[in-house]
Amino acid sequence: MKLLQRSLVARIIASLLAIGGMALISITLTMAMSNSSRGDAAAINVAGSLRMNAYQIMGALQRLEYAPEKTSEEQLEGLISRFDQRLHGATLQQTIPADDRHERRRQLEKLQNYWHYTLRPALQAPSAAVELDLDTLETMIVAMVNDIEVLVTYLEQSTEAKVRLLGMMQLLFLVLIAIVVSIALYDVRHNLVVPLRQLMVLAREAAQRNFKPRSELRGSDELALLGHTFNKMSAELATSYAALEDKVSRKKQELERSNQALRVMHDASRSLYGGGNDLCSSAAPMLRELEKLLDIGPIRLSLNDPFDQREMPVLETHSRTRPEYCRDQDCHACLIDPRPLEMVSNNQSQCLLLPISVGDTLLGTLEVWYPQERLNDSTRRLLTMLADQLATAVYLQRRIEEQQHVTLINERTIIARELHDSLAQSLSYLKMQVARLERMQQKEATREAQSAVFDELRTGLNSAYRQLRELLTTFRLKLEGPGLQFALRQTVDEFSQRMGVTVDLNYDVPPHLLNPNEEIHVLQIIREALANTHKHAQAHWAGVTVRFTDARLLVRIEDNGIGLEDDSSPPMHYGLVIIRDRTTTLNGELSITNRPVGGASIEIVFTPLTARLIQQQPVSAASDSHIDTETS
C-alpha cells in the first residue's frame, strides 16, 4: 500500500489491472450466466408444447366420442405417447434443479405424478373411459394444463431472474469500472498532467537561463521526486552559472589587462630597444604602467657587471631615497607613491624573482613584488615576457655598445694602417733626406749636391701631401656616403676629371656583403690602382669592375695605357706594394698582367668574411653569430 501511495506508475498500473480484472470478471460471469441459461428457452418451448398437446388430447377425446373409429384411437394414443415423452424428456429435466425442495422440481414431479397416476390411466383404460364421462376428462386435462401453466410460469420467472441478475452484474461492473476510471483520471490529471506541465514550464525557464522558479510538487511519487531533483539541479545550475559568469568576467578582465599590458610593452619596445643604455627613461614608464594594470609593485631591475659579475641595481620603480646611480637629479619617478614599500615592510607582499637571461647567459634579475595570493598564471606569463623583453633589450644594448666599440677600434686601426702605409712611409723617407742634408751641410757639400736633395725633399713633400689629401678624400667618401658603391662612384668621377679620360664602373655586389674593414681595403686598392694609372699608364680609358660570383669578390682595374715591364713597383712609388699588403690582409689573391689589347690589368680575388661564415657554419647558427663575426 505504501508503494502504491508513493509510486505514480504503480497506481496507474493498479488502475489498469483493476479495470482489466473487473472486465474479465464481468465477462466470466456473463459467460457463466449464459451457460446456466442454456436450455431455458427449449424448456419453456417444451412446456408450452405440453399445454398444446393436452388440448390436442382433449380434442381427440371429443372426436372419439362422436365418431368412435380406430383412427381416432390411434391418434389419441399417439398424442398420449408424445405427451409422455415430452414430459419425461431430457430437455425439460436439464433445466429443472435436482433439489427436491425447489419449487420447479416439486411442480414438475406433481405434474408427472398427476399424469402418471391419474390422467394417463384414465385415458388409456377403456373401462375408465367408459366410467368417466368426457366432462370429467376435460376437467382433469384442464387441471393438468393449469399445472403446466404454473411450471411454464416458474421457468419464465427463472429465466427472467437470470437475465435481471446478468443486467445487474453488468451495471455493477460498469459502475465499478467507471469509478476506477474516474479515480485513475483524477490521479493522472492531478499527479501526472499538472506536474508535467509545471516541469515543462521550469524546463523552459531553465533554457532561458532563469533558474529562480521552483517546483511546488509535494509527495513521494516519481514526479514529486523529479520536482525535488529539478529544484536541486536549478539551485546548483544557478550557483554554477553565477560562478561561471564570475569566472568569465574575471577572465575577461584578465584578458583586457593582459591586452593592455601587451600593448604597453609593444609601444615601449621602440624606446626600449632604441633608447641606448638609459633604462630609467625607456623602461621605467613601461614598468609603472604595468604596475597599475597588473596591481603589482614595486619592481626592481638589477644587472650583472659583465666584467666582475657584480650585481648592480639599475632601476627601481619605488624608492624612499634617490639611487646613487641616478643620472637626472630633477627626476622624481622612483620617489612616487611609497605605499608599495610599506606593504613589503609589513610582510603583506611576496616577491617573484625572474632571471634576465639570453640563452645560458645570465644578465641580471627582475624582482617583482605583488600582494599575497593575487598573482595568477596570466600575470606570471606576462612578467616572464617582460623579463624576456628586458633581457633582449639589455643584450642588444650591450651588443650595440660592443659593436660600436669594436667598430671604433677598427676605424682607428684602419686610419693608423692607412697613415702607416702611406703618409708615415713618406715622412720616414723625408726624415732620412733631412738627415742626409744635415750630413752634407756638415761636410760642406756643394750647392749642386744639396740641390738634388732639396729636389727629393720637395718631391717627397708633394707625395706626402697628395697621399694626405687622398686619405682625407677616402675617409670623407666613406663617412658621407651610404656605402661602397657610392664611394666608388665618387672615386670614378674624381679620377675621370683628374685624368681627363673615361673611367667605367661595373658594380654588381649584394648589399651588406662587406664589413667596413673590407670596404676600406677595396676602396683604397682601387684608388691606388687608379692613381698609378693616372701617373704612369698614359691611358685614354680605364675601367673598374667589382663583382660577386661563386662566393668570391672580384676586383679588376684595367686601362689601355703603355702597360708594365713587370709586376714590381717603380722606385719611390709604393703603390703596388700597398696593394699587395691590402690583398694579403683580405686573404686574397693578386694578379698583375698586361692586357692582350694593350694596357695593364690588376685583379684581386678574395672571399668576404660573411661568405666564409656561410660556408663554415650551419644556416641556423649563421644568423645568431652574425654580430659576433662582424665585430671580430
Undergrad: Working to the nearest 0.5 Å, report the span between CD1 of I525 and CD1 of I604.
TA: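 Going from CD1 on I525 over to CD1 on I604, the span is 5.0 Å.
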Undergrad: What is the distance from atom CG of L609 to atom CG of L514, rounded to the nearest 0.5 Å?
TA: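 Those atoms lie 10.0 Å apart.
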Undergrad: Side-chain contact, heavy-atom cut-off 4.5 Å: T365 with L354?
TA: no
Undergrad: Which pair of heavy atoms, one from F230 and one from A203, lies closest together, and at what distance?
TA: CZ-N, 3.7 Å
Undergrad: Tell me, with the steps shown, if L386 and L366 meet side chain to side chain contact (heavy atoms under 4.5 Å, CB included).
TA: CA-CA 9 Å; L386 173 64; L366 182 68; 4.2 Å; yes
Undergrad: Flag yes if more than 12 heavy atoms outside M233 fall under 6.0 Å of its CE atom; otherwise flag no.
TA: yes
Undergrad: Identify the heavy atoms of I602 and A529 that sit nearest to each other, and give their distance.
TA: CD1-CB, 4.1 Å
Undergrad: When you measure from the side chain of N231 to the backbone of S215, do you find a donor-acceptor pair of N or O atoms at a distance under 3.5 Å?
TA: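 Yes.
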Undergrad: Enter the distance from R552:CZ to T607:OG1 here, rounded to the nearest 0.5 Å.
TA: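 Nearest 0.5 Å value for the CZ-OG1 distance: 4.5 Å.
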Undergrad: Any side-chain heavy atom of V522 sitting closer than 4.5 Å to one from I520?
TA: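 No, every pair of side-chain atoms sits at 4.5 Å or beyond.
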Undergrad: When you measure from the side chain of R595 to the backbone N and O of D559, does any donor-acceptor pair fall under 3.5 Å?
TA: yes
Undergrad: Answer whether the closest heavy-atom distance between the side chains of V546 and R556 falls below 4.5 Å.
TA: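 Side-chain contact under 4.5 Å: no.
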Undergrad: Which residues pass the side chain to side chain donor-acceptor pair (under 3.5 Å) test with D246, sequence neighbours left out?
TA: R250
Undergrad: Compare every heavy atom of P355 with every heavy atom of A387, then report the nearest pair and how far apart it is.
TA: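 Nearest pair, atom of A387 first, then P355: CB-O, 3.9 Å.
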Undergrad: Rounded to the nearest 0.5 Å, what's the gap from OG on S357 to CG on L390? Could you check?
TA: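 The CG atom of L390 is 11.5 Å from OG of S357, to the nearest 0.5 Å.
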Undergrad: Please assess T583 against I579 for the test side chain to side chain contact (heavy atoms under 4.5 Å, CB included), listing each intermediate value before the final yes or no.
TA: CA-CA 6 Å; T583 304; I579 291 174; 4.1 Å; yes
Undergrad: Can you name the closest pair of heavy atoms from G588 and F606 and give their distance?
TA: CA-CB, 3.5 Å
Undergrad: Please answer whether the main-chain N or O of D581 pairs with a side-chain N or O of T585 as donor and acceptor at a distance below 3.5 Å.
TA: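 Yes, the answer is positive, given that a donor and an acceptor are paired below the 3.5 Å cut-off.
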Undergrad: To check you understand the geometry: which heavy-atom pair defines the closest contact between G227 and L199, and what is its length?
TA: CA-CD2, 4.0 Å
Undergrad: Taking salt bridge (Lys or Arg N to Asp or Glu O under 4.0 Å) as the test, write out the residues that go with D360, two or more places apart.
TA: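 Residues passing salt bridge (Lys or Arg N to Asp or Glu O under 4.0 Å) with D360: none at all.
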Undergrad: Got E589 and E603 here, is their nearest side-chain heavy-atom distance under 4.5 Å?
TA: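 Of all side-chain heavy-atom pairs linking E603 with E589, none is under 4.5 Å.
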Undergrad: Are Q389 and M286 close enough, and set up right, to give a side chain to side chain contact (heavy atoms under 4.5 Å, CB included), and what steps lead you there?
TA: CA-CA 12 Å; Q389 189 175 13; M286 175 185 66; 4.3 Å; yes
Undergrad: Got Y370 and C351 here, is their nearest side-chain heavy-atom distance under 4.5 Å?
TA: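 The answer is no; the side chains never approach within 4.5 Å.
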Undergrad: Using a 3.5 Å distance criterion without hydrogens, assess whether the side chain of S249 forms a donor-acceptor pair with backbone atoms of E245.
TA: no
Undergrad: How long is the straight-line distance from CZ of R197 back to CG of L202, given to the nearest 0.5 Å?
TA: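 CZ of R197 is found 14.5 Å from CG of L202.
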Undergrad: Examine distances only and state if a side-chain atom of E518 and a backbone atom of L586 form a donor-acceptor pair shorter than 3.5 Å.
TA: no
Undergrad: For the pair N304 (side chain) and L362 (backbone), establish whether a donor and an acceptor sit closer than 3.5 Å, ignoring hydrogens and angles.
TA: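 The answer is yes, because a donor-acceptor pair under 3.5 Å joins these two groups.
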Undergrad: Would you say the side chain of T239 lies within less than 4.5 Å of the side chain of L237, judging by non-hydrogen atoms?
TA: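 L237 vs T239: side chains apart.
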Undergrad: May I ask you to decide whether R527 forms a salt bridge with E494, counting only side-chain N to carboxylate O separations under 4.0 Å?
TA: yes
Undergrad: Could you go through the side chain to side chain contact (heavy atoms under 4.5 Å, CB included) check for Y395 and V358 one step at a time?
TA: CA-CA 7 Å; Y395 179 76; V358 176; 3.7 Å; yes
Undergrad: With a distance cut-off below 6.0 Å to the six-membered ring centre and an angular limit of 45° from the axis, does R498 pair with F495 as a cation-pi contact?
TA: yes
Undergrad: Testing the basics here: between K212 and R214, what is the closest heavy-atom pair and its distance to 0.1 Å?
TA: O-NH1, 3.3 Å
Undergrad: Do V605 and L553 come close enough that some side-chain heavy atom pair is under 4.5 Å?
TA: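 Answer no - side chains too far apart.
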Undergrad: Which distance, rounded to the nearest 0.5 Å, do you find between the CG of D388 and the CD1 of I356?
TA: 8.0 Å
Undergrad: With side chains defined as the heavy atoms from C-beta onward, is the minimum distance between E367 and I299 less than 4.5 Å?
TA: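 Side chain of E367 against side chain of I299, heavy atoms only: no contact under 4.5 Å found.
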